[in-house]
Amino acid sequence: MAKRMIRRWWLGLIAALAAVLVLLLAVNSAPPRPTTGPSTALPPTTAASTTGPSTTGPSTTGQTTTAPNRPPSSAAVPSPVQEAQRTLAALTPEQRVGQVLMVSSPVSGPDAATLAALSDNHVGNVFLKGRSYAGADAVAGVAASLRAQVSVLSTAGVRQFIATDQEGGMVQIMNGPGFSDIPAAVDQGAVDPGQLRADAGLWGRELAGAGINVNFAPSLDTVPGAAFAPANGPIGRFGREYGYTPADVSAHGVAFAQGMADAGVASTVKHFPGLGRVRANTDDSAGVTDVATVRNDPFIAPFRNAVRAGVRWLMISSASYPSIDPGQIAPFSSVIMRDMVRDDLGFTGIIVSDDICDAVQLSFAAPSDRAADFIAAGGTMALCTNQNILPQLYQGILTRRAADPAFAAVVDAAALKVLQIKAESGLLPVR
C-alpha cells in the first residue's frame with residue numbers, strides 16, 4: 001500500500017511539472033501584446049508607409065536606415081555666429097586685423113608683395129586683378145597657390161575669400177578657355193531676368209570651378225538716362241548700367257546676383273549709395289561728388305532689393321555725398337555705412353570698400369589712416385589693390401588698435417563679421 005501511494009505521489013508531481021512546462025512554452029511563443037503608446041519597433045520603411053505627410057523632417061525616399069526616427073539631438077550644430085566667435089577667440093590681434101583686409105594679387109600669380117602680405121601681415125582675403133586670357137585652368141592654379149599660403153601662423157587656418165571683378169563687357173578680368181564672353185551690363189539689361197539669372201549661374205560656375213568665391217558684381221548704380229551715360233565716367237561710359245530706372249536696375253541686377261549665388265559665388269552689389277550721377281571716376285580723379293543723392297533717394301532701391309534678396313556683400317562708393325553727409329566721403333562716413341546700410345537697409349553682411357590704395361579720390365588721406373578710418377566708420381573689410389601699400393594699412397589698424405580699446409572692439413566686431421560670413425561659406429577650420 002505504502003509503495004503504491006509513493007508511486008502515485010511521484011506520478012502526480014511529474015504531471016504537475018509537465019503542465020507547468022507546457023504553460024511556460026505557450027506564454028513564450030505567443031505574439032507580444034500591443035503597448036499603449038506609439039510603436040518604435042517598426043522599421044522606417046513600414047513607418048513611412050502610413051498615410052498623411054510626415055512631420056518628422058525631410059523625406060528620406062530612396063534611403064535606408066536601421067535606426068528609428070528620433071528627435072533632434074540636444075547637441076545642435078553651432079550657428080555661424082557661434083563658429084565665428086569660437087574662431088575669433090583663437091586669433092591673435094595681428095590675425096584679427098588680417099581678416100578685415102583684402103590684398104590684391106596679379107591674376108597671373110601672386111608676387112612677392114602679395115605673398116608677404118599673406119604671411120607677414122596675416123591678410124585673410126585676396127582680390128585677383130589685371131586681365132588674363134589664359135583660361136580657367138590657369139586661374140585655378142593661381143587660386144590654389146594662394147590657398148596654399150593659409151596656415152596656423154598666417155590665419156590660424158581660416159581660409160580665404162578670393163575675389164575678382166567679372167561684370168562683363170569691358171570689366172571682365174578672367175577670359176580664355178573655360179570662361180564665357182560676358183556681355184556688358186547694359187546688354188544684360190535687355191535680357192529677361194529669368195534668363196539672366198540662368199546665364200549668371202553659368203558664369204558663376206565658371207568662377208567657382210576656378211577657385212573664385214566672391215565676384216565684385218553687379219553694379220547697381222542707376223544712370224539717370226541714356227543721354228547722360230557717356231558723361232558718367234565710372235559707369236555709363238563703360239556700359240556698366242543695367243538700365244536707366246531703379247526698377248530696371250533692380251530686376252536685372254538682382255537676377256545676376258541670384259545666378260551667382262546659385263553657383264555658390266557671393267555677389268558684391270556696388271557702389272552704394274550709387275555712382276550713376278557723378279561725372280568723374282574716383283579711380284583717377286579727386287573731389288568726385290554727387291550733390292543729388294539723398295538718404296532716402298529712389299536710386300537706392302536696387303540696393304535695398306538686393307539686400308532683401310539675400311546678398312551678403314555690399315561695396316561702398318568712394319565719392320562724396322554732401323546731401324547725405326557733408327563732412328565725410330562715403331568710405332569714412334558712419335552716416336552712410338551705419339545709419340543707411342545697417343539701419344535703413346537692414347544689411348547684416350560684409351561692407352567692403354572700393355579700392356582705398358590707388359584711388360586718386362583718397363589721395364588726401366595717409367595710407368596708414370585709410371583702412372583704420374574705414375573700419376572706425378562702420379566698414380567691415382578694406383580693399384587694397386596695391387599690394388605694396390598694404391603693409392601701411394595693416395600697421396595703421398594695428399597701431400590704433402593697440403592704443404584705443406574702443407577701436408580695438410570695433411576691429412574685433414568687423415573681424416567677427418568676416419568670420420561669420422566665412423562660416424556661412426564653409427571657410428572656417430573645424431575646432
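Side-chain atoms are counted along with the backbone in the values below, which use heavy atoms only and exclude waters and symmetry mates. Position 1 is the first residue of the sequence, and the numbers go up from there. Worth saying up front: this structure is predicted, and the values here are computed from it rather than measured.
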>> Run Gln328 and Ile336 through side-chain contact (heavy atoms from CB on, under 4.5 Å) and show every step you take.
In response: CA-CA 9 Å; Gln328 296 287 357; Ile336 289 177; over 6 Å; no
Examine the side chains of [X] and [Y] and answer whether a donor and an acceptor come within less than 3.5 Å of each other.
X	Y	answer
Ser180	Glu206	yes
Gln160	Lys422	no
Asn386	Lys129	no
Gln387	Ser104	yes

> Using 30° and 60° as the class limits, which term best fits the ring planes of Phe256 and Trp203: parallel, tilted or perpendicular?
Replying inline: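 Phe256 vs Trp203 ring planes: tilted.
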> Parallel, tilted or perpendicular: which fits the ring planes of Trp313 and Phe161, with parallel below 30° and perpendicular above 60°?
Replying inline: perpendicular
> Between Arg240, His271, Arg277, which is the residue that forms a side-chain hydrogen bond (donor to acceptor under 3.5 Å, both in side chains) with Asp221?
Replying inline: His271
Salt-bridged, [X] to [Y], with N to O below 4.0 Å?
X	Y	value
Lys270	Glu167	yes
Arg197	Asp262	yes
Arg400	Asp369	yes
Asp165	Arg131	no

>> Can you confirm whether more than 12 heavy atoms, excluding those of Arg159, are under 6.0 Å from its CZ atom?
In response: yes
>> Counting only heavy atoms from other residues, nucleotides and ligands, does the tally under 6.0 Å from CG of Asp137 exceed 12?
In response: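 Counting other residues, nucleotides and ligands, CG of Asp137 stays at 12 neighbours or fewer.
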> Is the ring centre of Phe127 less than 6.0 Å from the ring centre of Phe216?
Replying inline: yes
> Checking side-chain contact (heavy atoms from CB on, under 4.5 Å) for the pair Ile316/Ile351: CA distance, chi angles, key distance, verdict?
Replying inline: CA-CA 7 Å; Ile316 295 294; Ile351 300 175; 3.4 Å; yes
